[in-house]
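Inspection log for the structure reproduced underneath, given as C-alpha cells.
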Protein chains: 2
Amino acid sequence: MKRPTIADVARRAGVSKGAVSYALNGQPGVSEATRQRILAIAAEIGFNPSSAARALSGSTAEAVGLALRRPARTLGIEPFFMELISGVEAELSARSYALTLQVVSDQDAELAVYRRWWGERRVDGVLVCDLRVDDRRVPALEELGLPAVVIGGPRGTGALASVWVDDAAALVETVEYLYALGHRRIARVGGLPDLLHTAVRTAAFTEVCDRLGLAGAATVSSDYTGEEGARATRRLLSSASRPTAVIYDNDVMAIAGLSVAQEMGLAVPGDLSIVAWDDSPLCQLVHPPLTALSRDIPAYGAHAARQLLAVIGGAQGTTVQDEAAHLTPRGSTAPPRPR
Amino acid sequence: MKRPTIADVARRAGVSKGAVSYALNGQPGVSEATRQRILAIAAEIGFNPSSAARALSGSTAEAVGLALRRPARTLGIEPFFMELISGVEAELSARSYALTLQVVSDQDAELAVYRRWWGERRVDGVLVCDLRVDDRRVPALEELGLPAVVIGGPRGTGALASVWVDDAAALVETVEYLYALGHRRIARVGGLPDLLHTAVRTAAFTEVCDRLGLAGAATVSSDYTGEEGARATRRLLSSASRPTAVIYDNDVMAIAGLSVAQEMGLAVPGDLSIVAWDDSPLCQLVHPPLTALSRDIPAYGAHAARQLLAVIGGAQGTTVQDEAAHLTPRGSTAPPRPR
DNA sequence: CTGAAAGCGCTTACAG
DNA sequence: CTGAAAGCGCTTACAG
C-alpha cells in the first residue's frame, strides 16, 4: 500500500501543505470550516504524519526511552518492570508517544545508549530506573541536556526531575509492626547494595532497630533471585540466634525464603514471620499467603511518564513524592512462638 | 550540548557531506584512507546520525514494533513476555535497532497501532504475538505490506513469516508420560481459548486422550491468572471423579493449582500430579517444585527478531520451526496413589 | 486566513 | 574517487 502524505491531503482538500499542517496540529492559521474539512479528509484516507519528517523539522521525536539494566533472568521473573512499563505505556500512548526499550548489560552501555539516543534524536527524553549510589547517569544526562526523570531518590538526582517514594518510612512501619507482634530478632534480605533504594532501606532498618534496641539486626545482601534469596535465608536460619522474622527486598526472594523455612522444618508464621517488599499476585499464590509491602507500581510508572512529558514540554524538573508502600498483613506474619 | 551533524564531520574532515555518508555506511565512493579519517573524526566528536533524517531520506526507521495486548495485571505476573522481550532486544540492539513497545487493550486498538506505525514510518516491521484463531491482524498486515513475523503458528499465518513451536508434540509427550506413570484421569487447565496455541494444545490433548482411551479427559478454559487457575482447579478437584493429574497452560495457574490442592488437603504429587507449561524460576520456588514444560523463551524471541530483520532486509518470509518445549520432571509428578 | 518557500539532516543518483 | 544538488515529508516564519 502507498502511504498517504501531507501533500495527498492538501491536494484533495485543495489547500496548501502548510494549511494541512496547521489544521492537524491545532494551530491558528486556518478557518474552522477548512480545518474540519482537512481533518475529515485526513481521517478518510488514513493519513498519519511521518514521525521522521516531524522529528526532522524541529519538532519532537514523540518517543521516550527506557534502558533496563538488570540481567535477563532477573528481568523476567520480577513483575516490577513489566508493571512499571504498563503504567508508563498507558500514559504515553494516551499522548501518542512511543516507548523505546533497550536492555543494557552495564552502566557504560547504558550511558552509550543515552548518548546515541540523544545524537540520533531518537527520543525526547528518558526514564532512569534503579538509581545508584553516586550514579554517573545523572551528571551525564545533565551534561547532554536530555530531558530525564529519575525513578527514585530523593537524594542523588542532581538537577534532574524525579519521582520517589519514601522507602524508609515503609521500612520503619514494617519493623515497628513486627516489634509490636513481639519479634525481637528481625533480619532483612536486601537487594543489590549499590542501588540507592537499597541503601536507603538498609540505613532505615539499622536506625529503627537501634532505636528499638534490637541487637544483631542485620541486613544480608542479595540480588533479587530466588537462588540467592534461598541461600541468604538458609544462612540466617542456620545461625544459633536465628531471626524470628525476615523482611525481603522483593517477592521472589520472600517466596524462596518461605520454601527454605519449610524445607528446614520451620513453621511460617509460627517459627518465622516473612514480609515481602512489593506485593504481587505471586504473594497470594503461596501458602501461607505473604504479608507484603504493597504499592501501585503502574501508577508509579504513569506518574514518572507524566512528569517526563512535562519536562519535555519545557516544565521545570521537580522532585515529586509518590505514595509510599503500605503493609498488607497476610498469613505469613504472627507473634513469634516461644521456643 | 549541541548535537553534531554530518556537516560538522564533513567540515572537520575537509570533505563533502556525501563523502561522510558513504564512509559511515560502508559504501564505495571514498578511499580507504579518507574513510578511516572520517570515521575517526565522527567517533571523536561523538557523531550519531539523526535517526529521523535517515528514516526520511528513504532509509529505514531502524526500529521494530511490538504491541502487547494482554491486560496489565497478566503482563506483570507472567515472565513469558519479559523473557521474550529480552531475547528480542538482544538481537535488535546488536544491530542498533530500537524496540518500540506499545500496550494495547484490544484487537482494534492493535490494528490501529499497526496502521499508525506504518503511516508514521515509525517502525520497519512488527512482531506479532498471541496469534488467534482467524486473526484479523494477519490480513491487515499483509494488506499494509508492513514486514511482520508472527510468533506462533504454523497455521493461520497467511503469507507472513513466522516462528512456531510444536506445542502439540509437547502436549502429547506430557500426557504419555503421565499415562506411563499410571494416571488415567488427566485434566487440563487451558489458556485463553481464542489463542491459536490454546486451540492447538486442546486439540492435541483431546486426540491423545482419545487414543489412550482416557475417558472424560477435559480441558477447562482459564485466563492465565492465579485466581482463575485456582477456581478451575477447585472445580476439577471437587468433582466425584477428580483427576489425578492436571496440566496447566502456564506457571502461574499451576502454582495456584498447587495451593488449592494443599488447601483441600490433597498431597502433591501423591493425590495429584501437576505439570506447568513454561518453566520459570517460580516453578522451582514452590514445594514441591513443579514439573514443567521448559523452553528457551529468550532464544525464541531472538529467533523471531532475526527473522524479522531478514524480512525487513528483503528476504522472503518463511515459516521456521523452533525447538519444542521439553518436559522437566520435578517433584510435582509421580504415580497416582491408590485411593 | 492562505500560499510559496526555506529548512531540518540525512542519502543517493548524477556529473565531473 | 569526490562535489554539488535533489529529495524524503514535514513545520514554520514570511509575504500576500
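All chains are named by letter (A, B, ...) in the order of the sequence lines, taking the proteins before the strands, and each is independently numbered beginning at 1.
- Listed here is the closest heavy atom pair of B:P4 and B:G46: CG-O, 3.6 Å.
- Every residue was checked against the side-chain hydrogen bond (donor to acceptor under 3.5 Å, both in side chains) condition with B:R37, not counting sequence neighbours, and none meets it.
- Annotation: proximity of residues 16-26 of chain B to DNA chain D (heavy atom, distance under 4.0 Å) is found for B:S16, numbered in ascending order.
- When the nearest nucleotides of DNA chain D are assigned to B:A53 and B:G29 by heavy-atom distance, the more 5′-ward of the two goes with B:G29.
- Nearest-nucleotide assignment on DNA chain D puts the 5′-proximal partner with B:E32, out of B:E32 and B:L56.
- Partners of B:D194 under the salt bridge (charged side-chain N to carboxylate O under 4.0 Å, His left out) rule, at least two apart in sequence or in another chain, are B:R132.
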Give DNA chain C the dot-bracket treatment, 5' to 3': Watson-Crick (N1-N3 with N6-O4 or O6-N4) or G-U (N1-O2, O6-N3) under 3.5 Å, [ ] crossing, | other strand. |||.||||||||.|||
Could you list the donor-acceptor pairs under 3.5 angstrom formed by side chains in residues 138-155 of chain B, with sequence neighbours left out?
| residue | atom | partner | partner atom | Å |
| --- | --- | --- | --- | --- |
| B:E142 | OE2 | B:A159 | N | 2.5 |

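- Pairs of residues two or more places apart, or lying in two chains, that qualify as side chain to side chain donor-acceptor pair (under 3.5 Å) and include a residue from residues 298-311 of chain A are A:E91-A:R306, A:H303-A:D322, A:Q307-A:T318.
- The list of side chain to side chain donor-acceptor pair (under 3.5 Å) pairs with a residue in residues 103-112 of chain A, not counting sequence neighbours, reads A:Q107-A:D135, A:Q107-A:R136, A:D108-A:R136, A:E110-A:Y114, A:E110-A:R137.
- A search for side-chain hydrogen bond (donor to acceptor under 3.5 Å, both in side chains) contacts involving B:R115 returns nothing, not counting sequence neighbours.
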Hey, can you pull the donor-acceptor pairs under 3.5 Å for the side chains in residues 9-18 of chain B, sequence neighbours left out?
| residue | atom | partner | partner atom | Å |
| --- | --- | --- | --- | --- |
| B:R11 | NH1 | B:D8 | OD1 | 3.3 |
| B:R11 | NH2 | B:D8 | OD1 | 3.4 |
| B:R12 | NH2 | B:E44 | OE2 | 3.3 |
| B:S16 | OG | B:G18 | N | 3.4 |
| B:S16 | OG | B:A19 | N | 3.2 |

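- In summary, contact between chain B and DNA chain C, defined as any nucleotide atom under 4.0 Å from a heavy atom of the protein, begins and ends at C:dG9 to C:dA13 in the 5' to 3' direction.
- For B:S31, the side-chain hydrogen bond (donor to acceptor under 3.5 Å, both in side chains) criterion is met by B:T34, not counting sequence neighbours.
- For A:Q36, the side-chain hydrogen bond (donor to acceptor under 3.5 Å, both in side chains) partners two or more places apart in sequence, or in a different chain, are A:E32.
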